[in-house]
Amino acid sequence: MRIARLGDDELRIESVNPPTTEREPEHVHPGQESGAEVRSGALVFEIGGERRRVGPGESVVIPPNTPHRFWNESEEVAHSVQFFRPALDIAAFFETYFELARRRELKEGGDIPLTRVAAMVPEFRDEIRLTRPPWPVVRAMSALLWPVARLRGVRGRLEYDADAPAP
């Protein structure tokens, strides 16, 4: 993963996605347009319930607040550059997520533990929201579990160190 901040206007993330049957959870970016330019391989995007395969040289743009997810169902690695406009604080979300992965603190399939979600919701509510359970339920759950997370020292934002060894 390589993150390039283009001021406040745009964030670009170079990513490599191996073939997998795992799909990221459906989510929205409430105040950001997002999308990807596929450099090699192919990714499948589900945007607003419609499925679209995006191959080399193709791109997809996802309007703000549109439910979506993507995955690589092919047999080869996909290389893409994802983008977010405006950048807001989405870089910190991805840095936190990849630091959790580096620390091996994600659940099977890449899910974030519930107490961590409770801490992350207030931090990144303007950048990313899961569509299930519904946002009001997620907010209520976060409000209830946030004190527990705080007592346990769980923070909603972590610094990512790509050069640090995995624990």
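Note: hydrogens, waters and symmetry copies are ignored here, and every other heavy atom, side chains too, is used.
Side-chain contact between Val117 and Met141 is present, with at least one heavy-atom pair separated by less than 4.5 Å. Put simply, the side chain of Arg116 reaches to within 4.5 Å of the side chain of Leu158, judged on heavy atoms. Between Val38 and Glu58, every side-chain heavy-atom pair lies at or beyond the 4.5 Å cut-off. With a 4.5 Å cut-off on side-chain heavy atoms, Arg85 and Asp9 do not count as touching. Side-chain contact check for Arg12 versus Glu37: some heavy-atom pair is nearer than 4.5 Å. Using a 4.5 Å cut-off on side-chain heavy atoms (C-beta onward), Gln82 and Ser80 make contact. A 4.5 Å side-chain heavy-atom check between Ile13 and Phe84 finds at least one atom pair inside the cut-off. At least one side-chain heavy atom of Pro19 sits less than 4.5 Å from a side-chain heavy atom of Val77.
Counting all heavy atoms, side chain and backbone alike, Arg102 lies closest to Ala164 at CD-O, 3.5 Å. In terms of heavy-atom proximity, Pro56 sits nearest to Gly41 at CD-O, 3.1 Å. Here the shortest heavy-atom pairing between Ser74 and Ala42 reads OG-O, 4.2 Å. In plain terms, the two heavy atoms of Val60 and Phe83 that are nearest each other are O-CZ, 3.6 Å. Heavy-atom minimum distance, Ala118 versus Ser142: O-OG, 2.7 Å. Considering all non-hydrogen atoms of both residues, Pro30 and Arg129 come closest at CG-NE, 3.5 Å.
We find the CD1-CD1 distance between Ile128 and Ile90 to be 5.0 Å, quoted to the nearest 0.5 Å. In this structure, CZ in Arg39 is found 10.5 Å from OG in Ser59, a value given to the nearest 0.5 Å. Once rounded to the nearest 0.5 Å, the distance linking OH of Tyr160 with CD of Glu95 reads 9.5 Å. Atom OG of Ser15 and atom CZ of Phe98 lie 7.5 Å apart (nearest 0.5 Å). Taking CD1 of Ile112 as the start and NZ of Lys107 as the end, the distance is 10.0 Å to the nearest 0.5 Å.
The ring of Phe124 has its center no closer than 6.0 angstrom to the ring center of Phe94.
With Thr131 as reference, Glu26 is the one residue of His68, Arg69, Glu26 to meet the side-chain contact (heavy atoms from CB on, under 4.5 Å) rule.
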(message) One pair to check against side-chain contact (heavy atoms from CB on, under 4.5 Å): Met120 and Arg125. What are the steps and the verdict?
(response) CA-CA 8 Å; Met120 290 174 74; Arg125 67 184 171 269; over 6 Å; no
(message) Using the rule given for side-chain contact (heavy atoms from CB on, under 4.5 Å), can you reason through Val121 versus Trp135, listing the C-alpha separation, both sets of side-chain angles and the distance that settles it, and then say yes or no?
(response) CA-CA 10 Å; Val121 163; Trp135 180 243; 3.6 Å; yes
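Side chain of Asn72 to backbone of Asn17: a donor-acceptor contact under 3.5 angstrom is found. Side chain of Thr66 to main chain of Ile62: no donor-acceptor pair is present (N/O by atom type, distance under 3.5 Å, no hydrogens or angles). Using a distance-only test at 3.5 Å, with no hydrogens or angles considered, no donor-acceptor pair links the side chain of His29 to the main chain of Pro64. Arg103 places no side-chain N or O within 3.5 Å of a backbone atom of Leu100 that could act as its donor or acceptor partner.
Note on Arg52 versus Glu50: no salt bridge recorded, every NZ/NE/NH1/NH2 to OD/OE distance being 4.0 Å or above. Taking a cutoff of 4.0 Å between a charged side-chain nitrogen and a carboxylate oxygen, Arg51 and Glu46 do not qualify as a salt bridge.
Grouping Ile, Leu, Val, Met, Phe, Trp and Tyr residues whose side-chain heavy atoms lie under 4.5 Å apart, directly or via other members, leaves Leu88 alone, with no other cluster members.
Glu73 and Thr21 share no side-chain donor-acceptor pair at under 3.5 Å.
Under the 4.5 Å side-chain heavy-atom criterion for grouping Ile, Leu, Val, Met, Phe, Trp and Tyr, Phe70 is not connected to Val81 through any hydrophobic cluster.
The aromatic rings of Tyr97 and Phe93 sit parallel to each other, their planes meeting at less than 30°, with 60° as the upper class boundary.
A search for salt bridge (charged side-chain N to carboxylate O under 4.0 Å, His left out) contacts involving Asp89 returns Arg157, not counting sequence neighbours.
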